[in-house]
Q: 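Please find one structure pasted underneath; my questions will follow.
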Amino acid sequence: MNINQLKEEFINRFGNSNEDIRVFASPGRVNLIGEHIDYNGGNVLPAAINMGTTIIARKRHDRKIVLEATDLNDHVELSIDDIESYKKISWGNYQAGIISELINDGEIIVGADLLYHDTIPHGCGLSSSAAIEVATALVFTTFSQEEKGETKDVDMVRMALIGQRAERNYIGVSCGIMDQFASAMGKNDSAVLLNCSTLDYKYVPLNLKGYKIVIANTNKKRSLISSKYNERCEECASALKYLQEVFPTVKTLSEISPEDFEKHKHVIKDDTCKKRAEHVIYEILRVNKSVEALNKGDVLEFGKLINESGDSLRYRYEVTGTELDALVDAARKVNGCVGARMTGAGFGGCTVNIVNSDSIDEFKEKVSLEYKEKIGYLPSFYITDASDGGREIRR
Ligand code: GLA
C-alpha cells in the first residue's frame with residue numbers, strides 16, 4: 001500500500017478528526033558482518049533495508065493509545081496511565097514498552113490513534129521489532145517535543161537506545177544495540193560501522209560494483225530463540241571472566257586482541273566458551289577488514305570475509321542449523337555469489353548474500369531447487385538496497 005492508500009485506510013478505521021494525519025517510518029536491518037558482536041562491545045556493520053514499518057498517526061484528546069495494523073485484525077487500546085500492565089499481550093507490547101521508557105525519560109505522552117503497516121515478515125531475523133520500536137519512539141517523542149514547544153530534531157540515537165531498553169526491560173530479551181541503531185540511523189547506499197561500546201559510528205559507502213545484497217529467508221518457524229540467544233551471551237560473559245584473570249581491567253571481549261587471545265586462551269577452562277570467544281575475537285577483525293575492502297571497492301575480498309564469518313558462526317558459535325546451512329551451501333555453489341552467510345541472531349531466519357546483478361535469477365532458481373529438495377519447502381528472497389533510517393515523512 002502506498003502512503004495515500006494507507007491514509008485512506010486509516011480514515012476508514014479511525015474516522016475523521018480535526019488533528020493532522022502524520023506519517024512516520026523506520027526500516028528493518030540486515031547485518032552484513034559482525035555477528036553476535038554487539039553485546040561483546042565490538043564493531044558491527046549492518047545496513048537498514050528497504051522494508052520496515054510505516055505508522056500513520058494522529059493525536060487524540062484523551063489518555064488512550066489505540067493500535068491497529070494492516071495485516072492483523074487486532075484492535076488494541078492502551079491506557080497511558082496503566083502502561084506497565086501490557087507485558088503479556090501478544091501484539092502491542094512493544095509499543096507499550098516504548099511508551100513506558102519514554103515516560104521514564106520524562107516525555108509527555110499524548111493519546112493517539114496509530115495504524116501500523118509492516119512489510120517485514122515477522123520473526124524472520126530482519127528486525128521487524130526494532131523497526132516497530134524505533135518508529136513508535138519517534139512518533140511519541142515528536143508529539144512530546146511539540147507539547148513542550150521544542151523545535152529541535154528528534155535525537156535518533158536516543159530512539160535506538162529507548163528501543164533497546166524497551167526490549168530489555170519490558171519484553172525481557174537482553175539484546176544488544178545493533179538492530180535498533182541500524183533502524184534509527186541507517187543511510188541510503190551505506191552500511192553503518194558502529195562501535196557498540198562507545199556508540200561512535202561512521203557510514204561506509206556500499207559501492208558494490210554490480211553486485212547486490214540478496215536476502216534469503218529460510219521460512220523456518222523459530223522457537224526458543226531468546227533462550228538460546230541468552231545462552232550465547234552467558235557463554236561470552238563466562239569466557240570474559242576467565243580472561244579477566246589475565247586482563248583484570250578489560251570490560252568486554254572486544255578489548256582483547258587476537259595476539260593476546262592466542263597467548264592466553266588456555267585460561268578459558270570451558271571449551272565451549274573458548275570457541276565462542278574465538279568467534280568474537282576474529283569476527284571483530286573481519287569487520288575491520290571488511291571496511292577496508294569496501295573502501296577499496298574490493299567486493300571479492302568482502303565476500304570472502306562474509307564466508308569466513310558464516311563458517312565461524314556455524315562451527316564456533318553454533319547458531320545456524322539445518323535450514324540456514326542448506327541455504328548457505330546452495331548459495332555458495334552459484335558462480336555469481338561471492339559471499340553467503342546467516343545474518344542476525346541465527347537458529348533460522350535469513351541469510352545475506354552478495355550476488356552479481358546478472359546472476360540473481362539463476363541464484364534464486366538454483367538455491368530454491370536445492371533448498372526445497374533438502375528441507376521440503378521453498379525459501380523467499382528479498383533484494384535490497386541500503387536505506388535511510390527512521391524519519392517522519394512530510395509532503
Ligand atoms: C539479534 C539481536 C542483536 C544482535 C544479533 C546478533 O538480532 O537483537 O542485538 O545481537 O542478534 O548479531
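Numbering of ligands and ligand atoms starts at 1, following listing order. Just the heavy atoms: all of them, side chains too, but no hydrogens, waters or symmetry mates, feed the values below.
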Q: Evaluate the side-chain proximity of V280 to H36: yes if any heavy-atom separation is below 4.5 Å, no if none is.
A: no
Q: How does Q164 reach ligand 1, if at all, at less than 4.0 Å between non-hydrogen atoms: by side chain, backbone, both, or neither?
A: neither
Q: Run the salt-bridge test on K296 and E301 with the 4.0 Å N-O cut-off and return the result as yes or no.
A: no
Q: Should G176 be counted as touching ligand 1, given the test is an N or O pair under 3.5 Å?
A: yes
Q: Measuring only between side-chain heavy atoms, which start at C-beta, is I375 closer than 4.5 Å to T322?
A: yes
Q: Can you name the atoms of ligand 1, numbered from 1 with element, that are less than 4.0 Å from a heavy atom of R29?
A: 7 (O)
Q: Report, in ascending order of atom number, the atoms of ligand 1 lying under 4.0 Å from any heavy atom of D38.
A: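 By the 4.0 Å cutoff, the relevant atoms are 3 (C), 4 (C), 9 (O), 10 (O).
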Q: Considering only the protein, which heavy-atom contact is closest to atom 5 (C) of ligand 1, and what is its distance?
A: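 Looking at atom 5 (C) of ligand 1, the protein heavy atom closest to it is M178 CE, 3.8 Å.
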Q: Relative to the heavy atoms of Y39, which atoms of ligand 1 are at a distance of less than 4.0 Å?
A: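 That gives atoms 10 (O) of ligand 1.
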Q: Which ligand 1 atoms, with their elements, are less than 4.0 angstrom from a heavy-atom of Y229?
A: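 Selected atoms, number and element: 1 (C), 2 (C), 3 (C), 4 (C), 9 (O), 10 (O), 11 (O).
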Q: Just need the protein heavy atom nearest to atom 12 (O) of ligand 1, so name the residue and atom and give the distance.
A: E35 OE2, 2.5 Å
Q: In the protein, what heavy atom is nearest to atom 1 (C) of ligand 1, and what distance, to one decimal place, separates them?
A: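 Answer, as residue, atom name and distance: D179 OD2, 3.6 Å.
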Q: Any chance the side chains of T252 and N40 put a donor and an acceptor closer than 3.5 Å?
A: no
Q: Under 4.0 Å from a heavy atom of G344: give me the atoms of ligand 1 that qualify, with their elements.
A: 6 (C), 11 (O)
Q: Show which side-chain atoms of residues 181-188 pair as donor or acceptor with protein atoms under 3.5 Å away, not counting sequence neighbours.
A:
from: S183; atom 1: OG; to: S26; atom 2: OG; distance (Å): 2.9
from: S183; atom 1: OG; to: P27; atom 2: O; distance (Å): 2.7

Q: Assess, by modelled atom type and distance only, whether the side chains of E245 and H264 contain a donor and an acceptor separated by less than 3.5 Å.
A: no
Q: Measuring centre to centre across the rings, with the benzene-like ring taken for any Trp, is Y94 within less than 6.0 Å of Y116?
A: no
